[in-house]
There are 2 protein chains.
Amino acid sequence: MDGSVKERLLAAARALFSEKGFDRTSVREIAGAAGANAASVSYYFGGKEGLYRAVLEEIWEELKRHFGKSMPENRPPMERIEGFVRGLFAFHAANPSLIRLINRELADPTPCFETVIVPHVERIAGILKSSISESVAGGDLREGTDPAIAALLLASMSNYVFLVGPVARRVILDPERSLEGLPEAILTVFRKGVACREA
Amino acid sequence: MDGSVKERLLAAARALFSEKGFDRTSVREIAGAAGANAASVSYYFGGKEGLYRAVLEEIWEELKRHFGKSMPENRPPMERIEGFVRGLFAFHAANPSLIRLINRELADPTPCFETVIVPHVERIAGILKSSISESVAGGDLREGTDPAIAALLLASMSNYVFLVGPVARRVILDPERSLEGLPEAILTVFRKGVACREA
DNA sequence: AATCGTTTAAAACATTTGTTTGCTATTCTA
DNA sequence: TAGAATAGCAAACAAATGTTTTAAACGATT
């Protein structure tokens with residue numbers, strides 16, 4: 001075991017919460033995986049929920065950094081939109097089963113939702129919506145496009161696969177199919193769906 | 001209270017499971033809402049999971065009937081595709097917060113997943129994919145369209161809003177915006193995204 | 001070396017969970 | 001009508017959970 005108990009708890013909690021969700025993970029299980037005692041969860045994080053909150057915040061910080069790179073502010077809006085989709089897929093590739101933690105929170109909010117999730121989602125949604133607005137103004141997307149709806153549909157396509165998980169992926173996609181071409185497919189559908197000129 | 005205890009349990013369980021999910025709903029809570037005793041859950045359904053399974057099966061039967069009407073087999077494939085989207089939205093409108101139960105199961109499978117969810121999803125996915133294939137063959141959708149990916153993206157757009165629930169809808173869409181025009185927006189994006197001629 | 005605050009573990013604790021056990025009332029049947 | 005089966009409930013039960021308590025080990029500082 002390397003790292004402090006606190007760090008190990010955080011890492012173990014992250015893995016277990018990601019895989020099974022908040023409710024189906026017990027503090028004893030986390031502590032066991034971290035090679036620590038169950039009491040240390042309350043000691044360091046004030047309880048199970050505090051640990052969960054810490055995990056969520058850690059993830060959002062990473063996602064923020066990630067989007068900071070894939071959606072550069074100084075680039076044209078259409079590039080930021082593409083960066084959103086590609087960045088999301090790349091992040092997932094680097095952290096399998098992790099986005100499910102966030103999405104699970106979107107589907108079934110815990111008390112953390114309002115304090116840690118909403119602000120971050122609002123931020124990303126804001127960037128996405130304004131990028132779309134700018135693209136409309138700049139003539140890259142069709143006049144009359146509703147930024148909120150367009151953002152929602154883009155987020156839908158980009159998130160759903162990860163949300164429904166490998167099991168459901170198996171049912172809809174072919175069993176051994178990779179997600180290789182999906183970001184491009186999404187962008188193509190998005191572009192043709194709301195664009196007024198070919199990319 | 002009307003109906004037998006068994007029926008009342010089923011109705012209460014359906015409402016509570018839909019709203020809060022399996023883990024966060026206790027049998028005492030269900031029994032209380034049904035005006036019955038907690039023991040009756042084990043008595044009639046063999047346990048909490050049995051009751052949950054019964055609820056899921058009931059919902060799928062309804063959804064099946066619903067899709068049977070909105071996706072008529074004797075109509076052209078593009079109409080079935082439209083029927084999928086409109087039917088899903090209509091079903092949701094009639095049963096708010098209910099599709100979340102199914103989607104929650106997709107995101108976090110319980111033991112019921114393999115036995116009750118997979119077969120039904122496979123069925124719908126099959127219909128969707130073959131409708132898309134036929135549309136491609138018939139010239140309504142672009143040559144080279146991948147039916148599996150197209151079906152996945154359509155399902156993504158149609159399901160995500162309901163999955164993330166009212167709370168997250170608030171964040172992405174405007175607060176008081178209705179879902180009125182969404183099915184048409186989805187179909188437009190889908191058509192333009194993978195169609196080769198305007199609808 | 002003694003003392004203080006921090007860290008860790010084991011055990012005890014209080015709750016909540018789903019389920020089972022008896023027992024009572026009702027309903028159907030012979 | 002007598003008896004058996006079913007329906008329903010309150011209470012008891014066992015297991016699991018998150019948390020608190022208690023105490024021991026450790027490390028730095030004086």
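Small disclaimer: the values here were computed from a predicted structure and weren't measured. Side chains included, hydrogens not; waters and symmetry mates left out as well; all remaining heavy atoms used.
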Do the ring centers of B:Phe89 and B:Phe162 come within less than 6.0 Å of each other? yes
If the sugar-phosphate is the primed atoms plus P, OP1 and OP2 and the base is the rest, what is the B/S/- string for nucleotides 9-21 of chain C, using protein heavy atoms under 4.0 Å? BB-B----BBBB-
Output the rounded distance in Å from OH (A:Tyr44) to C1' (D:dT20). 17 Å
Stepwise side chain to side chain contact (heavy atoms under 4.5 Å, CB included) test for B:Arg80 and B:Glu134: CA-CA 11 Å; B:Arg80 286 207 301 274; B:Glu134 285 174 41; 3.4 Å; yes
Which label fits B:Phe67 and B:Phe84: parallel for a plane angle under 30°, tilted from 30 to 60°, or perpendicular past 60°? parallel
Quick one: A:Tyr52 OH to D:dT19 P, roughly how many Å, whole number? 15 Å
Parallel, tilted or perpendicular for B:His66 and B:Phe91, by the 30°/60° rule? perpendicular
Between B:Tyr160 and A:Tyr160, does the ring centroid distance fall short of 6.0 Å? no
